[in-house]
Amino acid sequence: MKIQTQILIIIFALVLITGMDIMLCGMVSKAIMEQQVEDHLEVIAAARARHIELFLEENREKIELIASSRSFKDFLTARQEGRDLTTTYEMVNARLESILEAEHEYGELSLLDEEGIVVASTDGASVGHDRSEDPLFLAGRGRTYIQDAHASRVTGKPVLSIATPVVEQNEFLGVLIVDMALTELYLITTDRAGLGTFGELYLVNKDGYMLTPSRFLDDAILKQKIDIGAPRGLPEQNHAFIATNYLGWDVLRVYTSIPGMEWYLLADMSEKEAFALVDKLIRLMLSLLVGLSAAGIMSSTLISGALTKPLVKLQKGTEEIMNGNLEYTVGTAGKDEIGELSRAFDTMTVNLRRSREELEKYSKGLERMVEERTKELNEKVKEVEDQRLELQKAKNELEETNRKLKASNKELQDFVYIASHDLREPMRKISSFGQLIQESLNGRLNEDERENLGFMIDGATRMQQMIDDLLTYSRLTTRAKPAERVDLTQVIEDLKNVELAVQLEETSGTIYVPNTLPAVQADRSQVHQLLQNLIGNGLKYHRKGIAPEISVRGRQENDGMIRVEVEDNGIGIDEKHYEKIFGMFQRLHSRDEYKGTGIGLAICKKIVERHGGRIGVYSTIGKGSTFWFTLPRAPDHFSMSTAEWGSRGN
């Protein structure tokens with residue numbers, strides 16, 4: 001193979017290797033940055049959707065509580081029995097007006113009797129109207145029903161209408177209908193923090209019409225139609241995808257459904273703005289690759305030309321001399337060693353018998369020339385290596401950026417913990433002082449005032465419990481302890497004697513552990529919390545009239561994990577709710593039926609997943625449920641922390 005070809009192959013191989021390193025770093029960095037942008041948008045959409053669900057649940061419960069007012073029940077009962085309505089009618093109207101003054105978001109409030117006739121309303125013109133065919137009345141007879149957003153017949157502005165039955169001792173008396181403004185939904189969706197200059201959040205109803213304000217259009221509510229899907233069809237919920245918004249812009253979108261409302265929450269972020277850093281990275285990688293390729297081509301051309309051109313001429317002269325043509329002149333105009341060598345060949349044709357010493361001299365000169373050319377080539381290789389080091393530096397800078405992003409996420413978790421912690425004291429004071437006020441004013445408040453004060457104290461108490469559960473959830477990470485050997489049988493004995501003792505006595509419940517449970521390697525306090533939540537749920541959700549029985553069993557799996565099953569004989573869970581119940585604030589029953597915040601099973605899931613395990617449930621309605629989870633098996637014969645176990649394994 002010719003020297004020129006070898007030089008070209010070597011240099012192009014170096015360029016190719018370096019280029020592959022550049023492209024590999026670029027592709028990995030691009031994928032990481034794109035995933036981070038998509039994760040950021042998915043977190044925003046999930047948080048706002050949950051906020052909307054809590055808003056709807058809170059107002060549903062509030063209106064159910066209002067519908068249980070004694071003045072409403074007395075008035076409707078009096079109508080059914082044909083008694084004088086003068087006093088009760090005045091009390092109902094006064095009650096409706098007081099609610100309207102206290103709840104600024106409420107519009108018209110109407111009370112309908114069992115036949116659908118409006119018997120009291122904050123809009124006097126509505127009294128006497130027959131609404132027996134109204135879908136709100138029909139749906140509100142059996143349950144609390146929220147109608148899709150529509151224009152109010154009184155104000156013409158968009159409202160939600162909520163209907164709930166008025167019941168006395170399981171006897172249907174009538175329906176309470178409340179029109180509620182969408183102001184709070186507007187506040188939730190117009191908070192566009194983290195969405196950039198052109199991003200926005202908005203709600204869409206089942207017909208595809210926008211329910212909340214547009215960032216770019218005026219008067220778009222219930223008028224602007226939205227296409228949720230991407231060009232290739234409707235994608236999976238809660239996952240980012242590229243779509244075209246109602247302005248014709250390409251956006252990164254996440255959509256999620258609002259349970260029970262046939263609504264979708266859309267979170268859009270300008271594709272160009274979302275992936276601006278990714279595009280910048282790609283341009284930088286391409287520029288480096290093009291520059292490196294150009295430098296390689298130029299270097300290979302110059303080096304190969306400078307080395308091979310005089311050598312080719314020298315080769316031809318040598319062949320002539322070997323063939324006996326001593327008249328042939330090889331000499332070149334070059335001033336370097338190759339030129340000298342060519343002129344030496346000319347001298348050799350004149351005196352072939354020059355001494356061996358002179359031949360060695362010229363041989364050494366040739367060796368020196370090769371060394372210098374090799375040195376020059378090594379310098380070129382060093383330049384290429386320097387360029388590779390610069391690329392490595394750029395890669396390190398990208399890794400540092402990723403590290404800072406992780407630190408920002410950690411700071412966000414700490415902020416959530418501090419914010420929740422700081423809310424506990426104000427809520428405790430509201431509850432305590434509310435109870436003091438209730439006790440000090442006992443006998444001096446009318447029924448409505450006592451009822452409103454009760455609403456306040458109950459809401460503060462439930463909020464305090466929710467904050468405590470959120471603190472517990474955040475501490476699973478911030479206050480985690482090293483893994484150690486945990487005796488599950490002893491943990492259950494401790495629960496029976498301390499934490500669950502009162503609940504066991506109140507429910508006449510029993511806990512069975514048929515066989516000694518295997519030991520696990522885990523955070524002892526978190527395993528304690530895990531079993532307390534699961535067994536406590538089994539005691540709480542028992543069938544009426546039947547004492548709860550809880551059985552706990554455990555066995556070793558082939559993958560080195562311990563599987564534990566907590567079986568109860570309670571009310572059971574519908575299969576369609578198996579995944580839902582492990583989410584934050586997920587409840588399958590009203591607070592009147594069972595107390596709680598809906599965070600307990602989410603805490604269980606986080607504890608199990610933190611230890612590398614899995615959790616699930618299978619159940620039969622009316623017969624009971626079995627919750628199962630897996631945790632790492634503890635080392636045999638002795639207890640040690642996870643770090644100590646790893647060091648001995650090494």
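Two residues are said to be in side-chain contact when any heavy atoms from C-beta on lie closer than 4.5 Å; L211 and Y264 fail this criterion. Here the side chains of R485 and Q521 are in contact, with some heavy-atom distance below 4.5 Å. Inter-residue side-chain proximity for W628 and R614 is flagged as met; some heavy-atom pair is nearer than 4.5 Å. Between T144 and I63, the closest side-chain pair of non-hydrogen atoms is not below 4.5 Å. Side-chain contact between L138 and Y145 is absent, with no heavy atoms from C-beta onward closer than 4.5 Å. Residues V486 and H528 form no side-chain contact, since every pair of their non-hydrogen atoms from C-beta on lies 4.5 Å or further apart. At least one side-chain heavy atom of R555 sits under 4.5 Å from a side-chain heavy atom of E565. Taking the side chain as every heavy atom from C-beta outward, L160 and L185 approach each other to under 4.5 Å.
Within the 3.5 Å criterion, the main-chain N or O of G572 finds no donor-acceptor partner in the side chain of S619. With hydrogens and angles ignored, the 3.5 Å screen pairs no side-chain donor or acceptor of R633 with any backbone N or O of P518. Judged by distance alone, the side chain of R553 and the main-chain N or O of N515 form no donor-acceptor pair under 3.5 Å. Listed for the D207 side chain is no donor-acceptor partner under 3.5 Å among the backbone atoms of Y209. Side-chain atoms of D494 do not come within 3.5 Å of backbone N or O of E499 as any donor-acceptor pair. In this structure, the side chain of D268 does not engage the main chain of E200 through any donor-acceptor pair within 3.5 Å. At distances below 3.5 Å, at least one donor-acceptor pair connects side-chain atoms of R215 with backbone N or O atoms of G199. Remark: side-chain polar atoms of T256 are not paired, donor with acceptor, to backbone N or O of L265 under 3.5 angstrom. Listed for the Q237 side chain is a donor-acceptor partner under 3.5 Å among the backbone atoms of S257. The closest donor-acceptor contact from the side chain of H542 to the backbone of D568 lies at 3.5 Å or more, if one exists at all.
Residue pairs meeting the side-chain hydrogen bond (donor to acceptor under 3.5 Å, both in side chains) criterion with at least one member in residues 172-188, sequence neighbours excluded, are E105-T183, S161-D179.
Of all the heavy atoms in I228 and F241, the pair that sits closest is O-CZ, 3.6 Å. For the pair E53 and I258, the tightest heavy-atom approach, listed with the atom from each and the gap, is CG-CG2, 4.3 Å. Scanning all heavy atoms of the two residues, the minimum distance from N569 to E549 falls at OD1-N, 2.9 Å. Across every non-hydrogen atom of I221 and P158, the tightest pair is CG2-CG, 3.7 Å.
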### Message
V166 vs K73, test: side chain to side chain contact (heavy atoms under 4.5 Å, CB included). Steps then yes/no.
### Response
CA-CA 7 Å; V166 180; K73 295 179 180 180; 3.9 Å; yes

### Candidate pair I573 and F627, rule side chain to side chain contact (heavy atoms under 4.5 Å, CB included), full reasoning
CA-CA 11 Å; I573 303 170; F627 284 85; 3.8 Å; yes

### Message
Run the side chain to side chain contact (heavy atoms under 4.5 Å, CB included) test on K496 and I492 for me, step by step, so that the C-alpha distance in whole Å, both residues' side-chain angles and the decisive distance to 0.1 Å come before the verdict.
### Response
CA-CA 6 Å; K496 289 165 64 176; I492 293 175; 4.0 Å; yes

### Task
Walk me through it: do I603 and I607 pass the test side chain to side chain contact (heavy atoms under 4.5 Å, CB included)?
CA-CA 6 Å; I603 291 174; I607 290 173; 3.8 Å; yes

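Between E64 and R143, no side-chain nitrogen of the basic residue sits less than 4.0 Å from a carboxylate oxygen of the acidic one, so the salt-bridge criterion is not met. Between R524 and E484, at least one side-chain nitrogen of the basic residue sits less than 4.0 Å from a carboxylate oxygen of the acidic one, meeting the salt-bridge criterion.
In this structure, E493 places its CD atom where more than 12 heavy-atom neighbours from other residues, nucleotides or ligands lie under 6.0 Å away. Annotation for E505: atom CD does not count as buried by contact number, only 12 or fewer foreign heavy atoms lying within 6.0 Å.
At a cut-off of 3.5 Å, with distance as the only test, a side-chain donor of S214 or Y246 sits close to an acceptor on the other residue.
From E609, atom CD reaches atom CZ of F629 across 13.5 Å, with rounding to the nearest 0.5 Å. How far CG of D148 is from CD of E262: 7.5 Å, rounded to the nearest 0.5 Å.
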